[in-house]
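Whatever order the structure lists them in is the order used to number ligands and atoms, beginning at 1. Here the structure is a predicted model, which means the values were calculated and not measured.
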Amino acid sequence: MQQYYELMRKCFQLARLGEGKTSPNPLVGCVVLNIQGEIISTGFHAKYGENHAERDALLKIPKDAAKDGTLIVNLEPCSHYGKTPPCADLIIEYGIKKVVIAMRDVNPIVAGNGVQKLKNAGIEVVENVLENEARMLNEVFITNMLEKRVFVALKTATTLDGKVATKTGSSKWITSEKARAEVRNIRAKYDAILTSSSTVVADNPTMEHNVKIILDRNLKTDFDSSNIYKDGRVFVFYNENLPNNIEKENIQFIKCPVIENKLDISFVLKTLFELGIRSVLVESGGVLNGSFIDYVDKIYHFIAPKVIGDNSAKSAFDGKNILEISESKVFKFEDMKSFEPDILLTYTVK
Ligand code: AOF
Ligand code: ZN
């Protein structure tokens with residue numbers, strides 16, 4: 001098993017080359033060894049609708065080159081006719097002797113059928129190599145498949161005292177250019193970004209992304225001049241009881257129920273899933289962040305070594321008003337990275 005760790009890590013690296021481009025499909029990378037155990041090809045799933053990783057790797061080499069060789073891939077090879085014929089069939093055709101995978105596919109059409117197909121053809125299948133890492137890599141795909149819902153990530157950037165702005169609203173910039181460049185990388189991994197009308201009004205951000213979601217209960221943002229509406233496809237959720245005859249080419253207005261003066265977040269997420277959006281990055285102020293706290297799967301928390309020192313300055317999360325620590329929502333530490341002088345902590349749901 002251990003002899004495959006390094007090769008499986010290579011599959012993860014290859015898979016990540018498709019980040020942001022494969023949705024709703026998973027991130028998959030593949031390495032092919034010949035009978036002598038030398039790497040003769042690599043491949044990855046580059047974009048939705050294009051070849052799967054295994055097909056990408058195999059089609060680069062002649063059929064006999066991989067005979068009696070080994071194929072390493074981070075996801076069980078598929079057994080179904082989708083956009084392309086089954087990868088399992090191609091692996092059999094190439095005469096591969098051993099297939100090493102990190103995890104079984106959670107897609108019910110495949111789930112175990114790929115492994116069975118390979119075994120029926122006399123191929124040895126080694127399973128669960130670096131399975132936890134593989135599950136983390138495809139956390140969005142797994143959530144979508146098993147729970148039939150959007151994966152929700154949230155990014156915030158605070159001072160040492162957990163503030164996102166001073167009480168006058170000054171927030172530019174808490175974190176360094178290096179950290180903000182990383183925010184752009186993070187955005188690119190998700191199908192859409194989501195923010196509130198308050199953030200649009202207060203900061204007039206651009207938030208470069210092809211798909212943007214704005215929660216604007218009272219339709220109070222300026223649809224003509226706000227930067228956020230200047231490009232991309234935008235979905236604006238607003239109070240279903242409000243009359244609305246605004247028309248903008250790139251904006252789709254969606255009526256949303258209101259609960260206790262707030263747009264119903266579960267309705268928003270359900271609607272996004274129906275629209276084909278599989279993951280979203282929430283980037284907003286404390287109030288919307290607070291409303292999302294019960295829905296998030298992952299938090300990206302940048303911390304700058306600065307102090308505001310004012311209890312009326314705005315915090316990263318608001319509105320929960322927990323009185324007992326034992327009642328607070330608990331997250332699980334995942335990772336820490338340095339973007340000097342700032343750090344990025346990543347948390348997932350416990
Ligand atoms: C991928 N890339 O490298 C592998 C996948 O939409 P289709 O027809 O391309 O099929 C997508 C399904 O194929 C996907 O949900 C997953 O179950 C399986 N494996 N998919 O996009 C790949 N190996
Ligand atoms: Zn496939």
Side-chain angles (χ1 to χ4, degrees), residues 4 7-33 39 41-61 63 66 69-96 98-121 123 125-131 133-151 189-191 273 275-279:
Y4 297 118
L7 292 160
M8 191 57 82
R9 285 197 191 100
K10 195 170 172 62
C11 290
F12 297 157
Q13 265 175 18
L14 289 158
R16 280 197 193 95
L17 299 173
E19 229 160 25
K21 292 174 287 230
T22 66
S23 175
N25 283 348
L27 297 169
V28 189
C30 176
V31 174
V32 183
L33 309 180
I39 297 180
S41 190
T42 63
F44 66 102
H45 185 50
K47 201 175 164 210
Y48 173 70
E50 291 183 4
N51 281 340
H52 290 182
E54 306 91 311
R55 183 167 299 274
D56 182 47
L58 290 173
L59 295 184
K60 289 176 191 164
I61 48 171
K63 259 190 195 160
T70 302
L71 181 141
I72 299 113
V73 60
N74 59 290
L75 187 73
E76 171 184 15
C78 68
S79 50
H80 70 297
Y81 284 85
K83 297 257 171 221
T84 50
C87 293
D89 290 354
L90 194 68
I91 293 168
I92 296 165
E93 252 179 77
Y94 269 67
I96 299 274
K98 190 192 276 191
V99 171
V100 179
I101 66 172
M103 61 177 282
R104 289 208 175 185
D105 196 344
V106 288
N107 182 350
I109 318 172
V110 181
N113 297 328
V115 166
Q116 200 51 53
K117 203 167 198 177
L118 296 170
K119 284 187 177 164
N120 290 348
I123 296 173
V125 181
V126 179
E127 296 197 53
N128 307 331
V129 174
L130 298 180
E131 185 185 356
E133 287 88 334
R135 288 189 176 273
M136 275 207 269
L137 175 71
N138 273 312
E139 59 190 353
V140 170
F141 176 70
I142 294 171
T143 302
N144 298 160
M145 277 289 165
L146 297 182
E147 300 178 42
K148 303 275 171 253
R149 64 172 181 85
V150 183
F151 184 92
K189 294 181 189 181
Y190 294 92
D191 284 357
F273 196 72
L275 287 166
I277 292 166
R278 292 292 175 260
S279 61

Is the backbone N or O of Arg104 less than 3.5 Å from a side-chain atom of Glu76, with the two atoms forming a donor-acceptor pair by type?
-> no
In Å, rounded to the nearest 0.5 Å, how long is the span from OG1 of Thr70 to CD1 of Ile39?
-> 11.5 Å
Specify the protein heavy atom at minimum distance from atom 6 (O) of ligand 1: its residue, its atom name, and the distance to 0.1 Å.
-> Asn25 ND2, 3.3 Å
For Cys30 against Cys11, the heavy-atom pair lying closest together = CA-SG, 3.9 Å
Does some non-hydrogen atom of Tyr81 fall short of 4.0 Å from ligand 1?
-> no
Using a 4.0 Å heavy-atom cut-off, say whether Phe141 meets ligand 1 through its side chain, its backbone, both or neither.
-> side chain
Looking only at protein heavy atoms, identify the closest one to atom 16 (C) of ligand 1 and say how far it is in Å.
-> Asp105 OD2, 3.1 Å
Tyr94 side chain near Glu54 side chain, heavy-atom distance below 4.5 Å | no
Would you indicate whether the side-chain heavy atoms of Leu33 and Leu7 approach each other to under 4.5 Å?
-> yes
Taking atom CG of Leu58 and atom NE2 of His52, what is their separation to the nearest 0.5 Å?
-> 13.0 Å
Any sub-3.5 Å donor-acceptor pair from Asp56's side-chain atoms to Asn51's backbone N or O?
-> no
Check each atom of ligand 1 against the heavy atoms of Gly82 and keep those under 4.0 Å away; list them by number with element.
-> 8 (O)
For residues Asn107 and Phe141, determine if any side-chain heavy atom of one lies less than 4.5 Å from a side-chain heavy atom of the other.
-> yes
Nearest 0.5 Å please: distance from the NE2 atom of His45 over to the CZ atom of Arg55.
-> 12.0 Å
Indicate yes or no for a side-chain donor-acceptor contact from Arg149 to the backbone of Asn144 under 3.5 Å, with no hydrogens or angles considered.
-> no
Nearest heavy atom to atom 10 (O) of ligand 1 wins, so pick from His80, Glu76, Lys83.
-> His80
Run the numbers for me: atoms of ligand 1, each under 4.0 Å from some heavy atom of Glu54, listed by number.
-> 3 (O), 23 (N)
For atom 9 (O) of ligand 1, the closest protein heavy atom turns out to be His52 NE2, 2.7 Å
Between Ser279 and Asp191, is there a donor-acceptor pair closer than 3.5 Å when you use the side chain of the first and the backbone of the second?
-> yes
Tell me, which protein N/O/S atoms are under 2.8 Å away from the Zn ion (ligand 2)?
-> His52 ND1, Cys78 SG, Cys87 SG
Judging by distance only, is a nitrogen or oxygen of Tyr48 under 3.5 angstrom from one on ligand 1?
-> no
Out of Asn144, Asn51, Asn107, Val110, the nearest non-hydrogen contact to atom 15 (O) of ligand 1 is supplied by Asn107
Any idea which atoms of ligand 1 are less than 4.0 Å away from a heavy-atom of Ala53?
-> 3 (O), 22 (C)
Could you establish whether Pro26 and ligand 1 come within less than 4.0 Å of each other, counting only heavy atoms on the residue side?
-> yes
Nearest-0.5 Å distance, CD of residue Glu133 to CZ of residue Arg135 = 12.0 Å
